[in-house]
Amino acid sequence: MSATSANAELTFLLERMAGGDKAAFAAFYKAMEKPVYRFIVSRLNDPFESHDILHEVFMDIWRSAGKFEGRSAVKTWVFGIAYRKVMDNFRKHGRVDVRDEMPEQVDDSPDAGACLLASQQAEHVRFCLGELKDDHKQAISLAFYEDMSYGEIAEVAEVPEGTIKTRIFHAKKLLMRCLQARLGEAAI
C-alpha cells in the first residue's frame with residue numbers, strides 16, 4: 001500500500017471515529033499499534049510503561065479524531081501525539097537512562113553462525129543508539145525505523161526541518177564513530 005493510500009485510509013478511519021464508530025477505531029488501532037508501540041518503547045526501554053503510554057496515545061486519538069485538520073499525514077499526527085506523551089513522561093518522572101537488554105527475537109534461520117554474527121552486530125547498533133542524545137535517537141528512529149521524511153519528523157518533534165537534517169547527519173556520524181570503535185574499521 002502506498003503512503004498516499006495508507007494516509008487516505010487512516011484519514012477515512014479518523015472521520016468515522018469522530019462520529020463514534022468503534023469498529024473504525026479498532027481498525028485504526030490495528031494499523032498503527034505496532035509502529036507507535038515500537039517508537040515509544042525505543043524511547044523508554046520499559047515495555048510496561050510503554051504500553052501505558054500507548055493506551056494514552058490511542059485514547060487521545062479517539063477523543064480528538066474530529067480535530068484532525070489534515071495539515072499533515074495522519075501517521076505524522078499520531079507520532080506527534082506519541083512524542084509529546086513520551087516527553088511528558090520524561091518531565092514527570094525525570095529521565096531514567098536504563099540500559100536493559102531488549103529481548104532477542106528468535107531467528108529460524110538454519111545458519112547459526114550468521115545468526116550469531118547478526119545478533120552481535122545488532123547488539124552493537126543497539127548499544128550505539130543508546131549512546132545518542134534523545135533528540136538524535138528520536139530522529140534516527142523515526143527516519144529509519146518508521147520511514148518518515150525529514151518534514152514529517154520535523155512536525156512530530158515540532159522543530160524546523162533543517163534541525164532534523166542536522167540531527168540525523170550528526171547522529172549518523174556519531175553512530176559510525178561508535179560502531180568503528182566497537183567493531184574496528186575493517187568490520188564496517
Side-chain polar contacts of residues 153-168 - donor-acceptor pairs under 3.5 angstrom, sequence neighbours left out - could you list them?
residue	atom	partner	partner atom	Å
E155	OE1	S72	OG	3.4
E158	OE2	R84	NH1	3.1
T166	OG1	G162	O	3.0

Which pairs count as ring-ring contact (aromatic ring centres under 6.0 Å, His included) when at least one residue sits in residues 51-71, sequence neighbours excluded? F25-W62, Y29-F58, Y37-H51, F68-W77
Scan residues 12-80 for pairs that pass disulfide (SG to SG under 2.5 Å), counting only residues two or more places apart or in two chains. none
Across all chains, not counting sequence neighbours, the side chain to side chain contact (heavy atoms under 4.5 Å, CB included) partners of C128 are L175, C178, L179, R182
Chi angles and distances behind the side chain to side chain contact (heavy atoms under 4.5 Å, CB included) call for F90, M87: CA-CA 5 Å; F90 283 157; M87 292 300 112; 3.6 Å; yes
Heavy-atom pair of closest approach, residues A171 and H136: CB-CB, 3.8 Å
The criterion is side chain to side chain contact (heavy atoms under 4.5 Å, CB included); which residues satisfy it with D60, sequence neighbours excluded? R63, I81, K85
Pairs satisfying disulfide (SG to SG under 2.5 Å), at least one member in residues 16-76, at least two apart: none
Any side-chain heavy-atom pair of L129 and R126 under 4.5 Å: no
Got a sec, which pairs hit ring-ring contact (aromatic ring centres under 6.0 Å, His included) with one end in residues 145-179, sequence neighbours left out? none
Any idea which heavy atoms bring E49 and N89 closest together, and the distance? OE2-ND2, 2.7 Å
Using a cut-off of 6.0 Å, state whether more than 12 heavy atoms not belonging to D88 lie near its atom CG. yes
Once side-chain hydrogen bond (donor to acceptor under 3.5 Å, both in side chains) is applied, do any residues pair with D46, and if so which ones, sequence neighbours excluded? none
Suppose we screen for side chain to side chain contact (heavy atoms under 4.5 Å, CB included). Which residues come up paired with A82, at least two apart in sequence or across chains? V36, F39, I40, V57
CA sep, side-chain torsions, deciding dist, call: D134, Q138, side chain to side chain contact (heavy atoms under 4.5 Å, CB included): CA-CA 6 Å; D134 284 338; Q138 178 81 27; 6.0 Å; no
I need the full list of salt bridge (charged side-chain N to carboxylate O under 4.0 Å, His left out) pairs touching residues 168-180, with sequence neighbours left out, sorted by first then second residue. none
For V74, is there any backbone N or O sitting under 3.5 Å from a side-chain donor or acceptor partner on N7? yes
Name all pairs fulfilling the salt bridge (charged side-chain N to carboxylate O under 4.0 Å, His left out) condition that reach into residues 73-82, sequence neighbours left out, sorted by first residue then second. none
Pick from N45, L44, V86: which one makes a side-chain contact (heavy atoms from CB on, under 4.5 Å) with S50? L44
Indicate yes or no: at least one non-hydrogen side-chain atom of E131 is less than 4.5 angstrom from one of L174. no
Shortest non-hydrogen pair, A65 vs A18, comes out as CB-N, 3.8 Å
By the salt bridge (charged side-chain N to carboxylate O under 4.0 Å, His left out) test, which pairs, at least two apart or in different chains, include something from residues 23-42? R38-E146
Quick check: closest heavy atoms across D147 and E152, and the distance to 0.1 Å? O-OE1, 4.5 Å
